[in-house]
There are 2 protein chains.
Amino acid sequence: MGIAERRQRQRKDLRDKILKTAQRIVLKEGLAALTLRRVAEKIEYSPATLYLHFQNRDEILQELGRMGLEVLVGCLEESAGVDDPVARLGAMSRGYVRFAHEHAEAYRLIFMLDSATAEAVFHSHAVKAGEGDRAFRLIVEAFAALARARPEYASLDPAAAAEQLWIALHGIASLKISCGKFLPAPADALVDRAVATLLFGLRSRDTPAG
Amino acid sequence: MGIAERRQRQRKDLRDKILKTAQRIVLKEGLAALTLRRVAEKIEYSPATLYLHFQNRDEILQELGRMGLEVLVGCLEESAGVDDPVARLGAMSRGYVRFAHEHAEAYRLIFMLDSATAEAVFHSHAVKAGEGDRAFRLIVEAFAALARARPEYASLDPAAAAEQLWIALHGIASLKISCGKFLPAPADALVDRAVATLLFGLRSRDTPAG
DNA sequence: GTCTATAGGCTGATAGAC
DNA sequence: GTCTATCAGCCTATAGAC
């Protein structure tokens, strides 16, 4: 059976090599620069060989998106252990936007292309298995913790709050990527301001300010 | 001189025809479907002719983006006359997101592609002449009016507030376009909620709630 | 079974005839 | 000013060598 195993191992190795090479190209020259021919050339195989591991170019992009999503979840989990809910939300928010900045092409792939690509990424196997909206649930949990810890947030809807935070974070992240010139302030400052305003705005409307 | 004028008129007519045709293709089948060959075929000229009116495909897209920007400014100006600052901000916000929904491809062109395209759109002649950030200034003015009208907003920074609103509106608009499935609530509801939370959060921090 | 070589049909862009 | 012809590049698919 060793032969079959070696074959499978070699097959996986080549697949990984394709993905790594594709990732490097996308990272260095952007999504548009990713062509099967260039990948094939770099790994010293013919273009047709790629079709034995992926159905087409889109499937490679899909897989890159899925890998990026894993990194994003990792970024958020890094801050998930912070005890104070407000500090945790701040840390996770900065982590989210920092991921978008450091992996701009992956972020664009996941959240800024047409619905088809986005849905394909989110519906690929590993994502469907539950790794997908883990990121969102981490934010929801942070808001739930906030609601438990502070009386002025007792009546807060954690899911709705998480959605609002996501909207703001995506606004910052995507504008920084596409229209950075029109959003000159540092990302961290924008994030902190957005989180502060959101938290202040989400307090129960009949709570005394302070 | 009549001959030269007719020539120039004919030249402009063809240019407009190219743009209108391109717009129709993009509107019906998306940005990716826009090819010079298809435009040429539809207007019954050879592909090479297009290069006499535009340097390349990107310049056509740039011009389409500029035209879209004009429509966006029009959408915002429609609501700019509303007296009550809060109502005005709500109306402008809904107008912004409605534009993004109704002209999704134009919105994507202006705000969701790479910096190069976005900057090209904003730096094209007509935009440079001042029609560019008029949209943003309309929002700033609305916040300035709010600050004058309501004491609890007296210390508000209109430009910073406008930036925060823009971030939220772009978050909603772009996620609706790219990841609509993960943002199932109606756009208007999301906008109203975002505006309400932002306005509540932007009040002076030592103002009694109410 | 795995891969090479190649063909077909797109694309943007350009040179040169008229 | 407009065309034909053409180049170089892309993705996709497949026949056939090994």
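Residue numbers start from 1 in every chain, and the chains themselves are labelled A, B, ... in the order their sequence lines are given, proteins ahead of strands. Side chains included, hydrogens not; waters and symmetry mates left out as well; all remaining heavy atoms used.
- As rounded to whole Å, 13 Å separates atom P of C/dG1 from atom CD of A/Q8.
- Distance, A/L31 CG to D/dC10 C1': 16 Å, rounded to whole Å.
- C/dA13 atom P lies 13 Å from atom CZ of B/F54, rounded to whole Å.
- No side-chain heavy atom of A/L36 sits less than 4.5 Å from a side-chain heavy atom of A/F54.
- Among the protein residues, A/T35 comes within range of the sugar-phosphate backbone only, with heavy atoms under 4.0 Å from sugar or phosphate atoms but none that close to a base.
- Nearest-nucleotide positions on DNA chain D for B/R37 and A/R38 put B/R37 closer to the 5' end.
- Ring geometry, B/W166 versus B/F136: the interplanar angle exceeds 60°, so the pair is classed perpendicular (tilted spans 30 to 60°).
- Per the geometry, CG belonging to A/L14 stands 11 Å off C1' belonging to C/dC3, to the nearest Å.
- Straight-line distance from the CD atom of B/E44 to the P atom of D/dT4: 13 Å, rounded to whole Å.
- Of the candidate nucleotides D/dA13, D/dT12, C/dC3, C/dC3 has the atom nearest to the side chain of A/Y45.
- In this structure, the CG atom of B/L50 is 15 Å from the P atom of D/dG1, given to the nearest Å.
- Salt-bridge check for A/R134 with A/E70: failed, with every basic side-chain N at 4.0 Å or more from each acidic carboxylate O.
- Within the 4.0 angstrom heavy-atom criterion, only backbone atoms of the sugar-phosphate kind lie near A/L36; the bases stay farther away.
- Contacts of B/L34 with the nucleic acid, taken as non-hydrogen atoms under 4.0 Å apart, involve only primed sugar atoms and P, OP1 or OP2.
- Between A/Y96 and A/H101, the ring centre distance reaches or exceeds 6.0 Å.
- Distance CG (B/L52) to P (C/dA15): 13 Å, rounded to an integer number of Å.
- Taking atom NZ of B/K17 as the reference point, atom P of D/dT2 lies 12 Å away to the nearest angstrom.
- Between B/L190 and A/E163, the closest side-chain pair of non-hydrogen atoms falls below 4.5 Å.
- Considering only the side chain of B/R11, D/dG1 comes nearest among D/dA13, D/dC3, D/dG1.
- Heavy atoms of A/Y51 sit under 4.0 angstrom from at least one base atom.
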